[in-house]
Engineer: 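Let me begin by handing over the structure; questions about it come next.
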There are 2 protein chains.
Amino acid sequence: MSMAKACIDVQCPIQFVVDLLGNKWSILLLRELFGGDRRTHELLAALPGVSTKTLTQRLRELEAHGLVERRVYAEVPPRVEYSLTPKGQQLQPVMAALHQVGSQWLAQDPCFCVLNTPPWLIER
Amino acid sequence: MSMAKACIDVQCPIQFVVDLLGNKWSILLLRELFGGDRRTHELLAALPGVSTKTLTQRLRELEAHGLVERRVYAEVPPRVEYSLTPKGQQLQPVMAALHQVGSQWLAQDPCFCVLNTPPWLIER
DNA sequence: CCGGATCCAAGAGGATACTG
DNA sequence: CAGTATCCTCTTGGATCCGG
């Protein structure tokens with residue numbers, strides 16, 4: 001989202017947050033940081049499928065918006081740790097609500113994928 | 001998200017919801033339906049920038065997942081109304097949390113876009 | 001009025017290789 | 001170990017046209 005878009009178009013608070021976090025990895029990244037400080041390779045491991053490029057991009061965005069803090073230690077080999085800022089922690093109710101609904105839906109969903117489809121119904 | 005992905009990869013409830021609703025329009029669409037039943041052209045008007053194709057796609061997905069109901073009236077000209085199902089209404093806490101955080105952030109953010117940038121700082 | 005079909009542009013994001 | 005740069009693929013989604 002461009003800053004301009006945020007200011008001109010967005011009057012709705014919900015849209016504001018969605019524009020900020022409505023991409024493939026941001027929420028999952030934050031979820032991970034709610035579990036505590038994380039080093040880069042820990043985040044890479046926790047988010048299967050993410051590339052280093054994308055991870056860094058997301059982290060930089062979140063940092064720019066003040067949700068995440070990046071600490072660099074002058075060591076060899078390099079060590080970098082990411083953590084939630086107080087502003088980032090304001091997302092806690094959102095994460096809790098998402099977790100709550102997600103749990104309900106996972107439990108109650110019939111799930112029509114092949115894993116739950118009887119063999120005689122699978123087309124070949 | 002493919003159904004297979006939902007069943008195989010997703011153990012995390014948060015990821016489950018994000019996979020479902022983490023695209024450009026779903027949340028905003030649902031936000032609109034939380035305001036009451038809506039006809040197609042009302043949704044188009046409420047979501048500036050959305051195309052008929054994309055709107056229909058999102059609605060079909062939400063319908064397929066049981067979050068939205070589609071009612072067709074046998075009239076000329078045609079009338080179609082969309083509404084939240086009980087399952088869709090389970091998202092209420094999420095919407096409330098998003099609204100809450102979004103409001104805070106909108107209020108406290110300095111907003112660095114051009115609208116708030118003094119003229120002498122704008123590059124030409 | 002509703003929405004399907006087609007075409008197409010833009011961008012997100014993955015794989016890989018490389019640097020400090 | 002952390003991050004950048006390049007290349008490239010694929011998805012998302014907008015514009016337009018058409019049909020019921």
Side-chain angles (χ1 to χ4, degrees), chain A residues 1-6 9 15 18-33 36-65 68-83, chain B residues 1-6 8-10 15 18-30 32-33 37-65 68-83:
Chain A
M1 171 197 63
S2 73
M3 280 294 185
K5 181 164 184 293
D9 292 347
Q15 183 167 5
V18 170
D19 283 346
L20 215 64
L21 307 179
N23 56 58
K24 193 169 178 184
W25 295 108
S26 289
I27 292 281
L28 302 177
L29 199 39
L30 291 166
R31 174 201 65 184
E32 199 56 27
L33 291 180
D37 298 8
R38 292 286 186 272
R39 299 186 55 175
T40 308
H41 68 271
E42 292 176 319
L43 292 173
L44 281 172
L47 277 52
V50 78
S51 64
T52 64
K53 170 191 158 189
T54 303
L55 178 68
T56 307
Q57 279 182 357
R58 292 294 89 79
L59 284 168
R60 295 293 175 277
E61 290 173 10
L62 295 174
E63 195 188 357
H65 284 95
V68 161
E69 189 198 353
R70 175 173 182 263
R71 276 190 314 280
V72 184
Y73 296 86
E75 302 179 0
V76 180
R79 182 159 65 105
V80 178
E81 281 187 5
Y82 295 94
S83 58
Chain B
M1 173 195 64
S2 73
M3 281 295 186
K5 181 162 183 297
I8 299 172
D9 292 345
V10 178
Q15 183 167 4
V18 169
D19 283 346
L20 214 65
L21 308 178
N23 56 58
K24 194 170 177 182
W25 295 108
S26 289
I27 291 281
L28 302 177
L29 198 40
L30 291 167
E32 198 57 26
L33 291 180
D37 298 7
R38 293 286 186 271
R39 300 187 54 176
T40 308
H41 67 272
E42 292 176 319
L43 292 174
L44 280 172
L47 276 53
V50 77
S51 65
T52 65
K53 171 192 160 190
T54 303
L55 178 69
T56 307
Q57 279 183 356
R58 293 294 89 79
L59 284 168
R60 293 294 175 276
E61 290 172 10
L62 295 174
E63 196 189 356
H65 287 283
V68 161
E69 189 197 354
R70 176 173 182 262
R71 276 191 315 279
V72 184
Y73 296 86
E75 301 178 358
V76 181
R79 181 160 65 105
V80 177
E81 281 188 5
Y82 295 94
S83 58

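Values in this document were obtained by computation on a predicted structure and should not be read as measured data. Heavy-atom basis, side chains included; hydrogens, waters and symmetry copies ignored.
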Engineer: Taking only the side-chain nitrogens and oxygens of A/Arg60, find out if one of them lies under 4.0 Å from OP1 or OP2 of D/dG3.
Structural biologist: yes
Engineer: Please report, to 0.1 Å, the donor-acceptor pairs under 3.5 Å made by any side chain of residues 45-54 of chain A, with sequence neighbours excluded.
Structural biologist:
{"residue": "A/Ser51", "atom": "OG", "partner": "A/Thr54", "partner atom": "N", "Å": "3.2"}
{"residue": "A/Ser51", "atom": "OG", "partner": "A/Thr54", "partner atom": "OG1", "Å": "3.0"}

Engineer: Quick one: bend of the helix from C/dC1-D/dG20 to C/dG20-D/dC1 from 5 pairs per end, to 10°?
Structural biologist: 40°
Engineer: Return the value, rounded to whole Å, for the distance between atom CG of A/Leu43 and atom P of D/dA2.
Structural biologist: 9 Å
Engineer: Select one nucleotide: of D/dG14, C/dG14, C/dG3, the one nearest the side-chain heavy atoms of B/Trp25.
Structural biologist: D/dG14
Engineer: Round to the nearest Å and state the distance from B/Leu44 atom CG to D/dG13 atom P.
Structural biologist: 15 Å
Engineer: Taking only residues two or more places apart in sequence or in another chain, which ones pass side-chain hydrogen bond (donor to acceptor under 3.5 Å, both in side chains) with A/Glu81?
Structural biologist: A/Arg71, A/Arg79
Engineer: Can you list everything that forms a side chain to side chain contact (heavy atoms under 4.5 Å, CB included) with B/Thr56? Sequence neighbours excluded, please.
Structural biologist: B/Arg60
Engineer: Round to the nearest Å and state the distance from B/Leu29 atom CG to D/dT12 atom C1'.
Structural biologist: 16 Å
Engineer: What is the distance, rounded to the nearest whole Å, between atom CZ of B/Arg38 and atom P of C/dC2?
Structural biologist: 14 Å
Engineer: Can you tell me how far C1' of C/dG11 sits from CG of A/Asp19, to the nearest Å?
Structural biologist: 15 Å
Engineer: Considering only heavy atoms, which members of residues 49-57 of chain A lie under 4.0 Å from some atom of DNA chain D?
Structural biologist: A/Thr52, A/Lys53, A/Thr56
Engineer: Return no unless some side-chain N or O of A/Arg39 is found under 4.0 Å from OP1 or OP2 of D/dA2.
Structural biologist: yes
Engineer: Check step by step if side-chain contact (heavy atoms from CB on, under 4.5 Å) holds for B/Leu29 and B/Tyr82.
Structural biologist: CA-CA 10 Å; B/Leu29 198 40; B/Tyr82 295 94; over 6 Å; no
Engineer: Establish, with yes or no, whether the OP1 or OP2 oxygen of C/dC2 is under 4.0 angstrom from a side-chain nitrogen or oxygen of B/Arg70.
Structural biologist: no
Engineer: Select base, sugar-phosphate, or nothing to describe what A/Tyr82 touches, counting heavy atoms under 4.0 Å on all strands.
Structural biologist: sugar-phosphate
Engineer: For B/Arg38, check side-chain hydrogen bond (donor to acceptor under 3.5 Å, both in side chains) against everything at least two apart and list the hits.
Structural biologist: B/Glu32
Engineer: Roughly how many Å is it from CZ in B/Arg71 to C1' in C/dC1, rounded to a whole number?
Structural biologist: 17 Å
Engineer: Who passes side chain to side chain contact (heavy atoms under 4.5 Å, CB included) against A/Val72, sequence neighbours left out?
Structural biologist: A/Arg70, A/Val80
Engineer: Would you say the side chain of B/Leu59 lies within less than 4.5 Å of the side chain of B/Thr40, judging by non-hydrogen atoms?
Structural biologist: no
Engineer: Can you sort out the partners of B/Leu30 under side chain to side chain contact (heavy atoms under 4.5 Å, CB included), two or more places apart, ordered by chain and number?
Structural biologist: B/Leu21, B/Leu62, B/Val68, B/Leu84, B/Leu91
Engineer: In whole Å, what is the span from the CG atom of B/Asn23 to the P atom of D/dT11?
Structural biologist: 15 Å
Engineer: Nearest to the side chain of B/Thr40, heavy atoms from C-beta on, is which of D/dA2, C/dG13, C/dG3?
Structural biologist: C/dG3
Engineer: When you measure from the side chain of B/Asn23 to the backbone N and O of B/Ser26, does any donor-acceptor pair fall under 3.5 Å?
Structural biologist: yes
Engineer: Which residues satisfy the side-chain hydrogen bond (donor to acceptor under 3.5 Å, both in side chains) test with A/Glu42, sequence neighbours excluded?
Structural biologist: none
Engineer: A/His41 side chain: which of C/dG14, D/dG13, D/dC1 is closest?
Structural biologist: D/dC1
Engineer: Atom CZ of A/Arg58 to atom P of D/dA2: distance rounded to whole Å?
Structural biologist: 19 Å
